[in-house]
> 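Take this structure first; my questions come after.
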Amino acid sequence: MDLKPLTEAIAKGNRAEAVKLTQAALEAGLKPQDIVDNGLVPGMTIVGDKFKRNEAFVPEMLIAARAMKESMALLEPLLVKAGIKPKYTCVIGTVQGDLHDIGKNLVAMMLKGANLGVIDLGTNVSPDKFIEAAKTHNADIIALSALLTTTMPAMKQTVEAAREAGLNAKVIIGGAPVTQQFCDEIGADGYSPDAASAVDLVMKLMAA
Ligand code: B1M
């Protein structure tokens, strides 16, 4: 079965069509993992690429992510049953003192869209909470978001805490006031300017 129409339904955020085509793909005997990798993920990639080129905006991303979520609801129980887990796990949160979560949620959605396991710790997350969650979930990535210049130091503290704990996880950072220069200064493993590029960054770090 051709999965291109499913990819298009995700990219357009057409929930009903995405669910129908996911069901049809299952009935045609396709493996759930193949449906995720070759049907759903490419749909989110299309939206992410458009977002990077300023051809799509936050609402389009949210609508596509919702379609992906509904299709995943059909596939997830089957993936769990087959013992298939996402290849990489990421814990994500907005750093201590900071309650902004719109950008962080978009990053989480894009990472989920790329089929990563995402544990969202919410907002106002202390360095200790990040480290504890990274240990509990054996995270490959710790993703920190900050929207306030006053909370950027909490990113530095979290990077330091991750290093002190001897974690192998890569720490990535982002948010409107954050820059590559700041990333270099605090010794984080990577910076991404937007949610779609965060996926590229994670894939690059995991491949390295
Ligand atoms: Co606040 N706020 N806010 N705010 N707020 C800003 C950030 C501000 C720039 C407004 C301004 O003064 N012009 C300013 C910060 C100034 C500064 O520090 N330089 C500010 C302030 C001062 C405050 C308060 C202190 C106001 C007050 O109470 N006096 C207060 C702080 C509360 C707190 O956090 N402790 C506050 C509160 C709030 C609301 C609660 C009202 C609300 C947040 C609601 C929510 O998030 N649930 C809010 C909002 C909405 C904003 C603005 C208007 C919009 C932020 C946003 O969601 N943008 C913002 C002004 C603005 O940006 N125009 C402002 C959309 C979002 C999609 O973009 O989050 O940048 P962004 O995410 C992008 C990228 O940055 C990147 O990807 C996303 C998508 O591409 N990205 C990552 C984000 N995280 C990433 C992580 C990554 C990679 C990429 O890797 C891990």
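Atoms within a ligand are numbered from 1 in the order they appear, just like the ligands themselves. Counting from 1, the numbers follow the sequence of the chain as shown.
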> For Lys112 and Val118, work out which heavy atoms get closest and say how close.
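Closest approach of Lys112 to Val118: CG-CG2, 3.6 Å.
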> Could you tell me if Asp200 and Ser197 have a donor-acceptor pair between their side chains, going purely by distance under 3.5 Å?
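Their side chains do not contain a donor-acceptor pair, so the 3.5 Å distance test is not met.
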> Okay, side chain of Asn124, backbone of Gln96: is any donor-acceptor separation there less than 3.5 Å?
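No; judged by distance alone, with no hydrogens or angles, the pair does not exist.
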> Mark yes when over 12 heavy atoms from residues, nucleotides or ligands other than Gln181 sit less than 6.0 Å from its CD; otherwise mark no.
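Atom CD in Gln181 is not packed in, count stays at 12 or less.
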> Anything with a heavy atom under 4.0 Å from ligand 1 counts, so go ahead and list those protein residues by chain and number.
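Contacting ligand 1 under 4.0 Å are Phe51, Gly97, Asp98, Leu99, His100, Asp101, Ile102, Gly103, Leu106, Val107, Ala143, Leu144, Ser145, Leu147, Leu148, Thr149, Ile172, Ile173, Gly174, Gly175, Ala176, Ser192, Pro193, Asp194, Ala195.
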> So which of Thr94, Asp98, Asp120 actually passes side chain to side chain donor-acceptor pair (under 3.5 Å) with Lys104?
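Considering Thr94, Asp98, Asp120, a side chain to side chain donor-acceptor pair (under 3.5 Å) with Lys104 is found only for Asp120.
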> Is there a donor in the side chain of Thr22 and an acceptor in the side chain of Ser71, or the other way round, less than 3.5 Å apart?
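Judged by distance alone, the side chains do pair up.
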